[in-house]
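Inspection log for the structure reproduced underneath, given as structure tokens.
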Amino acid sequence: QMPGTARHDREMAIQAKRNLSKTTDPVERLRLQCLARGSAGIKGLGRVFRVMDDDNSRTLDFKEFVKGLNDYAVMIDKEEAQEIFRIFDKDGSGTIDFDEFLVTLRPPMSNARKEIIMQAFRKLDKTGDGVITIEDLRGVYNAKHHPKYQNGDWTEDQVFRAFLDNFDSPYDKDGKVTTEEFMNYYAGVSASIDTDVYFIIMMKNAWKL
């Protein structure tokens with residue numbers, strides 16, 4: 001079994017739904033709506049925006065922004081969307097940079113948490129090129145213990161691929177996990193864990209760090 005994030009994921013989604021009814025901050029509401037879909041929720045919104053960014057400008061105008069939120073089925077009214085857009089459009093140019101947007105949307109994390117996430121990433125990234133691939137996992141994880149490998153349902157590569165897909169976004173799985181995707185995923189998990197100490201213990205146990 002791969003490091004157990006499903007339980008945290010569920011807890012986090014439930015917590016996010018609960019907190020949604022309490023908060024009036026529009027950015028927080030958007031963040032919680034994404035997290036209510038699980039740890040990859042914020043990354044999923046990022047992918048929707050990326051698909052819409054036809055001219056590869058890595059920016060969105062208000063119309064694209066609203067369309068992206070609608071495509072992702074985020075419940076938001078126009079006033080709220082305008083308010084969020086204004087918060088992110090710091091220079092008043094009428095466009096927002098979506099990398100900056102996603103970083104701001106990500107739940108804040110302490111440096112101690114970021115450091116342990118990066119330790120796990122570096123351990124998995126055997127080749128050290130900043131992207132985790134099936135090749136990297138071969139050197140670090142034994143697929144033969146996986147129940148689906150044992151009963152013949154999956155090949156080794158399928159076990160690895162299923163693992164990578166956890167960190168990838170639901171719509172565009174490419175079998176590669178970047179530092180940013182790994183960090184976004186764990187920012188989601190992190191949101192459900194109150195103390196740094198517990199988060200660090202969980203990561204150390206999960207990744208044998």
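The first residue of the sequence shown is numbered 1, and numbering continues consecutively from there. Everything quoted here is computed from the prediction, not taken from an experiment. Heavy atoms only: backbone and side chains are in, while hydrogens, waters and symmetry mates are out.
Applying the side-chain contact (heavy atoms from CB on, under 4.5 Å) rule to Glu80 yields the partners Pro26, Arg29, Ile76, Asp77; only residues at least two apart in sequence or on another chain are considered. A search for ring-ring contact (aromatic ring centres under 6.0 Å, His included) contacts involving Phe160 returns Tyr141, not counting sequence neighbours.
Proximity of Leu124 to Trp207: side-chain heavy atoms (C-beta onward) are separated by under 4.5 Å at one or more points. Leu164 places a side-chain heavy atom less than 4.5 Å from the side chain of Ile132.
Rounding to the nearest 0.5 Å places OH of Tyr198 at 12.5 Å from OG of Ser190. Residue Arg47 holds its CZ atom at 15.5 Å from CE of Met52, rounded to the nearest 0.5 Å. Rounded to the nearest 0.5 angstrom, His146 NE2 and Trp154 CH2 are separated by 5.0 Å. Within the model, atoms CD of Gln33 and CG of Leu105 stand 10.5 Å from one another, a figure rounded to the nearest 0.5 Å. Lys176 NZ to Ile134 CD1: the interatomic distance, rounded to the nearest 0.5 Å, is 9.5 Å. Between the CG atom in Leu32 and the CG atom in Leu20 there is a gap of 5.0 Å [rounded to 0.5 Å].
For Arg31 (side chain) and Thr104 (main-chain N/O), a donor-acceptor pair under 3.5 Å exists by modelled atom type. Side-chain atoms of Glu64 come within 3.5 Å of backbone atoms of Asp61 as a donor-acceptor pair (strictly under, hydrogens ignored). Remark: side-chain polar atoms of Asn111 are not paired, donor with acceptor, to backbone N or O of Glu115 under 3.5 angstrom.
Cluster membership check: Leu209 shares its hydrophobic cluster with Phe163, using side-chain heavy-atom separations under 4.5 Å among Ile, Leu, Val, Met, Phe, Trp and Tyr. Placement of Val140 and Met203 within a single hydrophobic cluster is found when ILVMFWY residues are connected by side-chain heavy-atom separations under 4.5 Å, directly or transitively. Residues Val74 and Ile87 are members of one and the same hydrophobic cluster, defined by side-chain heavy-atom contacts under 4.5 angstrom among Ile, Leu, Val, Met, Phe, Trp and Tyr.
Applying the 6.0 Å contact sphere to NZ of Lys208 captures no more than 12 heavy atoms from other residues, nucleotides or ligands.
Under the 30°/60° scheme for interplanar angles, the aromatic rings of Phe62 and Phe65 are found to be tilted.
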- Item | Stepwise side-chain contact (heavy atoms from CB on, under 4.5 Å) test for Thr133 and Asp125 | CA-CA 8 Å; Thr133 60; Asp125 179 18; over 6 Å; no
- Task: Take Thr23 and Asn19 through the side chain to side chain donor-acceptor pair (under 3.5 Å) test and state the conclusion after the steps.
- Result: CA-CA 6 Å; Thr23 183; Asn19 292 342; over 6 Å; no
- Task: Please step through side-chain contact (heavy atoms from CB on, under 4.5 Å) for the pair Val131 and Val177, ending with a clear verdict.
- Result: CA-CA 5 Å; Val131 180; Val177 178; 5.9 Å; no
- Would you sort out whether Glu83 and Arg86 count as a salt bridge (charged side-chain N to carboxylate O under 4.0 Å, His left out), showing the intermediate values? CA-CA 5 Å; Glu83 200 179 338; Arg86 266 201 302 276; 5.8 Å; no
- Query: Does the side-chain contact (heavy atoms from CB on, under 4.5 Å) test come out yes or no for Arg37 and Tyr72, once each step is laid out?
  - Reply: CA-CA 11 Å; Arg37 303 178 179 213; Tyr72 200 53; 3.5 Å; yes
- Step by step, work out the side-chain contact (heavy atoms from CB on, under 4.5 Å) result for Thr59 and Ile96. CA-CA 5 Å; Thr59 58; Ile96 55 178; over 6 Å; no
- Test log, rule ring-ring contact (aromatic ring centres under 6.0 Å, His included), inputs Phe49 and Phe101: CA-CA 10 Å; Phe49 284 157; Phe101 169 74; 5.5 Å; yes
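Sorted by first and then second residue, the salt bridge (charged side-chain N to carboxylate O under 4.0 Å, His left out) pairs with a member in residues 134-145 read Glu135-Arg138, Arg138-Asp157, Lys144-Glu156; sequence neighbours excluded.
Minimum interatomic distance between Gly130 and Phe121 (heavy atoms only, all atoms of both residues): O-CZ, 3.4 Å. Considering all non-hydrogen atoms of both residues, Thr95 and Phe85 come closest at CA-CZ, 3.9 Å. For the residue pair Ala16 and Ala36, the shortest heavy atom distance occurs at CB-N, 3.7 Å. Annotation for Ala81 and Val66: closest pair CB-CG2, 4.2 Å, computed over non-hydrogen atoms. Closest non-hydrogen pair, Gly94 versus Asp89, comes out as N-OD2, 2.8 Å. In terms of heavy-atom proximity, Arg50 sits nearest to Arg58 at NH2-NH2, 3.8 Å.
Shown are Thr195, Ile116, Ile117; of these, the side-chain contact (heavy atoms from CB on, under 4.5 Å) with Ile200 is made only by Ile116.
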